[in-house]
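As structure tokens, the structure follows; a few thoughts come after it.
Quick note: numbers below take in every heavy atom, side chains included, and nothing from hydrogens, waters or symmetry partners.
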Amino acid sequence: MSTSSNSLRKATLFYLVFVMFSYTTGGPFGLEEIVSTAGPGLALLYMLLLPFVWCVPVSLASAELTTIMPVDGGFYRWTRAAFGDFWGFLAGWWNWTASFLLGGSYAVLFTDYLLYYFPGMTWWQHYLVSVGLIIALTWLNVRGIQAVGKLATALEILIFIPVLVLVVMGLAKWHHNPFAPFVPPHQPPFKVFGIGLALGLWLFSGYEQLSTVADEVENPQRSYPRALALVVPLSVAAYFLPTLAGLASTSHWEQWHAGYFSDAARVIGGPWLGTAITLAAMICNVALLNSTILTSTRMPFAMAEDGYLPHTLTRRHSRYGTPWLAIVVSAMIYGLLAWQSLAQLISIYIWLRSTTTVLTVLSAWKLRRTQPELKRSFTIPGGRAGLFYVVAAPAVMAVATLLGSDRFAMIGGAIAIVAGPLVYTIVRKKRA
């Protein structure tokens, strides 16, 4: 175990920042639905305020927990240490299940944008391209986080350039009030505040995920807090500025659906900018899928180490030291689900993400109470008040989002949540 771990090519802070940004944000593509659903004003307000009640508290908790327990499996291991085997298993299982939905969907979104260049693509060609992307990124992830980090860095630079041009040109052509209307007229409240809030939380989710690869990061106790401090404001800017520029220059907020940034870019800068933004959107989905494979495939490895999944998933690559079998198995499931749509799955995904997020912040609180002697090179600031804020803010947001879900999300989310305890019961009986 120690030998394999030492053979890993570990990521520096520089690469960690780009991998983290790739997983949590990637770029503004995919957020368009929140504008037409919640309204321009509320959507922009969500982008500015939600970080302070969602990703900032989660980032602070993750930073403290990483400094006391920098292990593969991250928040799964933290939850298990804080609340025992049952809740630890659920944290790992719910997260791994959520990754199936996202992994397949990002591959599909990449190919959907490819239709811009190849509109005559058949359904089976579409599926083969999606699976081909999954295979290529799986191979890259087997090579380790350093290789993933280099690709994430290159991809994000390619995304930043056309997005920055879009922002500058869009703001220069400011002709409309980007905050009007604040909410859509005659829109049902559950859609504005329920689905809209779920989309907003999805934008700022996943900041605890990179804790699952702590063993592959140089000096994680020092690197994680620094990376989080850089990525959170960068993510806010990456969402807010392109949306502000698009609304201020083109208006037509009711037309903001998946892919609208390409249309907005065409209006703002002409066909060349529309093509560049479409290419950037495709690259963004590659970055998101790449980072999803990295973060989520370490979860089955950690659970297999603890005896909850088949032990064969703990096999490490002889050269790269990565859990190659866990990566391949997860990728195969992504491929089976590569016909799904991200927009249809966000409302269910947020149920799974909310539960793991709340378990993460509660773990920070519980370990403060039960194991105060653990060395913490970073501590959530503000004393008891700061700890209360870190726990209460995400919990309130999670409850508000789940209560505001529509019928489809209620049913699908409940099934996804209940599946966790059922699988745990089966695993316990087999281990007995």
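A salt bridge (Lys or Arg N to Asp or Glu O under 4.0 Å) with D85 is found for exactly one of R77, R428, R80, namely R80.
Side-chain atoms of W94 come within 3.5 Å of backbone N or O of I417 as a donor-acceptor pair. For N95 (side chain) and A91 (main-chain N/O), no donor-acceptor pair under 3.5 Å exists by modelled atom type. One N or O on the side chain of S36 and one on the backbone of E33 form a donor-acceptor pair closer than 3.5 Å. Side-chain N or O atoms of K173 include one that pairs as donor or acceptor with a backbone N or O of I268 at under 3.5 Å. One N or O on the side chain of T355 and one on the backbone of L352 form a donor-acceptor pair closer than 3.5 Å. Counting only distance, with no hydrogens or angles, the side chain of S354 and the backbone of W351 share no donor-acceptor pair below 3.5 Å. At distances below 3.5 Å, at least one donor-acceptor pair connects side-chain atoms of S99 with backbone N or O atoms of W96.
If you look at F204 and Y239, their ring centroids are closer than 6.0 Å.
The shortest non-hydrogen separation linking M282 to F110 is O-CD1, 3.3 Å. Taking all atoms of both residues into account, the shortest heavy-atom contact from P178 to L244 is CG-CD1, 3.5 Å. Taking every heavy atom of both residues into account, V231 and T24 meet most closely at CG1-OG1, 3.7 Å.
Side-chain contact check for L48 versus L44: every heavy-atom pair is 4.5 Å or farther apart.
Inspection of the R353 and T356 side chains reveals an N or O donor paired with an N or O acceptor under 3.5 Å. Residues T360 and W78 have side chains that never bring a donor and an acceptor to within less than 3.5 angstrom of each other.
The aromatic rings of F240 and F179 sit tilted relative to each other, their planes meeting at an angle between 30° and 60°. Aromatic ring pairs are classed by plane angle as parallel below 30°, tilted from 30° to 60° and perpendicular above 60°; the pair Y76 and Y308 is perpendicular. Between F261 and W256, the two ring planes are perpendicular [angle over 60°; tilted spans 30° to 60°].
W54 contributes atom CH2, which lies 5.5 Å from atom OG of S205 (distance to the nearest 0.5 angstrom).
Under a cut-off of 6.0 angstrom, the local environment of CZ in R376 is crowded, with over 12 non-hydrogen atoms contributed by other residues, nucleotides or ligands. The environment of CZ in F388 is sparse: at most 12 heavy-atom neighbours from other residues, nucleotides or ligands sit within 6.0 Å.
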